[in-house]
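Below is one structure, written out as structure tokens, with a few remarks after it.
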Amino acid sequence: ASYWAPLIQSCCTARDLPRARHIHAQIMLSDLKNNRMLANLLVEMYGKLGSPVRARAVFDTLNPPNIFSWNILVAAYAHNGHVEEAKRVFDLTPHKTVVSWTTILQAYTRHGNLEQAKILFDSMPDRNAFSWTIMMAAYSERGDLLNSKILFDKMPRRNVVAWTAIVKVYAENEHIPEAKEMYDTMPHRDMVSYNVMLSAYAGTGNLAQTEDLFEKMPEYDIVSFNTMLGAYVHEERFARAKSLFDRMLYRNVVSWNTLLRGFVQAGEIEQAACAYERMPERTGVTFTILIGAYALLGYIKESEKIFEQMPYLDTVSCNAMLVGFAQNSRLEQALTLFHSTTMLERNTASWNTILAALASHGNLEATRNHFKTMPEKD
RNA sequence: CCCAAGUCCGCUGAA
């Protein structure tokens, strides 16, 4: 089991579904095929890799599933946006723990509505630090600083995560002085807290202040450097960004994406293309940046080429492609992509993009029809 | 021994 576990985890980080299935098959051939812990890991793995059906199939082989199995299955459905199904499984879960409750709470805050989450939160038999922090973050995301702070004040035993969350809450609602005050007040800080405060400053555009904090930080990790790199890019200090990137001892795909973004913003499209080729790893973000960059310059063919190179499609990249088509007067292609099965999901941004494209094309009737069919409007 | 919370990069729209 200790041999297989890390292999399963690595599939999750690499987003490698084929290898995941291969490992799964290998386990089934071994004498560990009835090992429940490994099965739980497989359920988790399939959930994270976007395959709740396979997650469910593994779950169904368990006799009996334990509480971990149930919780993992709920998370698997929630992670893929199947909140209803997650709730169904949650309701069937015997001997629910506080983890079961926080998992479904998270499902609601992420995909459902906050009202339902609040009802759930209030009716939970137990609440721990996780539950409180999830609710705080949910309010903050909606811009409800007040309720977020009320929860923080009511929270019984605030840990470093809760303190960091409240710093972030103030920061994302543009209350930087209050964020700093909380940061200074918190009884104990860790790597994440430093990075949150750094990111708060980076978002203000005050480079001097950001650099000052960066220099005073007791320790650094790759996120700290990426944040600083992003601050330079954001402020269009491309030379500094490039020089920091070159000096970084460790880089990950976020560092590369940030650099790529820097080249694009600087108008250095060939440098961007060069970085794209040299990157050791790419994510959906990578493709989205380049698709948008080429489209904006009118190189829609290049955008399409990049789009076709994507190993798996995500909604945001598809949206970028939609925008690209729209920008380049290719309404037909935008509509084709939008309605095609290659686009697995459509979010509000997808619908809005098409709506705007139709409207600017002057097609009032089609715009109206599209508007009427939109599942949700903002 | 396996499950849930806070940090860095991407899409539409508002400013």
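All chains are named by letter (A, B, ...) in the order of the sequence lines, taking the proteins before the strands, and each is independently numbered beginning at 1.
In the interface, the side chain of A:Thr102 is paired with the base of B:A4 through a donor and an acceptor atom under 3.5 Å apart. Contact annotation: side chain of A:Asp378 to base of B:G13, donor-acceptor pair absent below 3.5 Å. Remark: the A:Asn128 side chain and the B:A5 base include no donor-acceptor N/O pair separated by less than 3.5 Å. The base of B:G6 has none of its N or O atoms less than 3.5 Å from a complementary donor or acceptor on the side chain of A:Asn195.
Distance, A:Asn352 CG to B:G13 C1': 6 Å, rounded to whole Å. Rounded to an integer number of Å, the gap from CG of A:Leu41 to C1' of B:C3 is 10 Å. Between A:Glu172 atom CD and B:G6 atom C1' there is a gap of 10 Å when expressed in whole angstrom units. In this structure, the CD atom of A:Glu281 is 15 Å from the C1' atom of B:G10, given to the nearest Å.
Taking the side chain of A:Asn159 as heavy atoms from C-beta on, and the options B:A5, B:C3, B:C11, the nearest nucleotide is B:A5. Side-chain proximity of A:Ser317 to B:G6, B:G10, B:A4: nearest is B:G10. Residue A:Val323 has its side chain nearest to B:U12 when only B:U12, B:A4, B:C9 are considered. Comparing B:U7, B:G10, B:C8 by their closest approach to the side chain of A:Ile289 singles out B:G10.
The cationic atom of A:Arg189 (NZ for Lys, CZ for Arg) lies less than 6.0 Å from the six-membered ring centre of A:Tyr183 and within 45° of the ring axis.
Using a 30° and 60° split on the angle between ring planes, A:Phe121 and A:Trp132 fall in the perpendicular class, above 60°. Below 30°, between 30° and 60°, or above 60°: for A:Phe214 and A:Tyr220 the angle between ring planes is between 30° and 60°, a tilted geometry.
Contacts of A:Thr353 with the nucleic acid, taken as non-hydrogen atoms under 4.0 Å apart, involve only primed sugar atoms and P, OP1 or OP2.
Remark: A:Arg237 CZ is loosely packed, at most 12 non-hydrogen atoms of other residues, nucleotides or ligands lying under 6.0 Å away.
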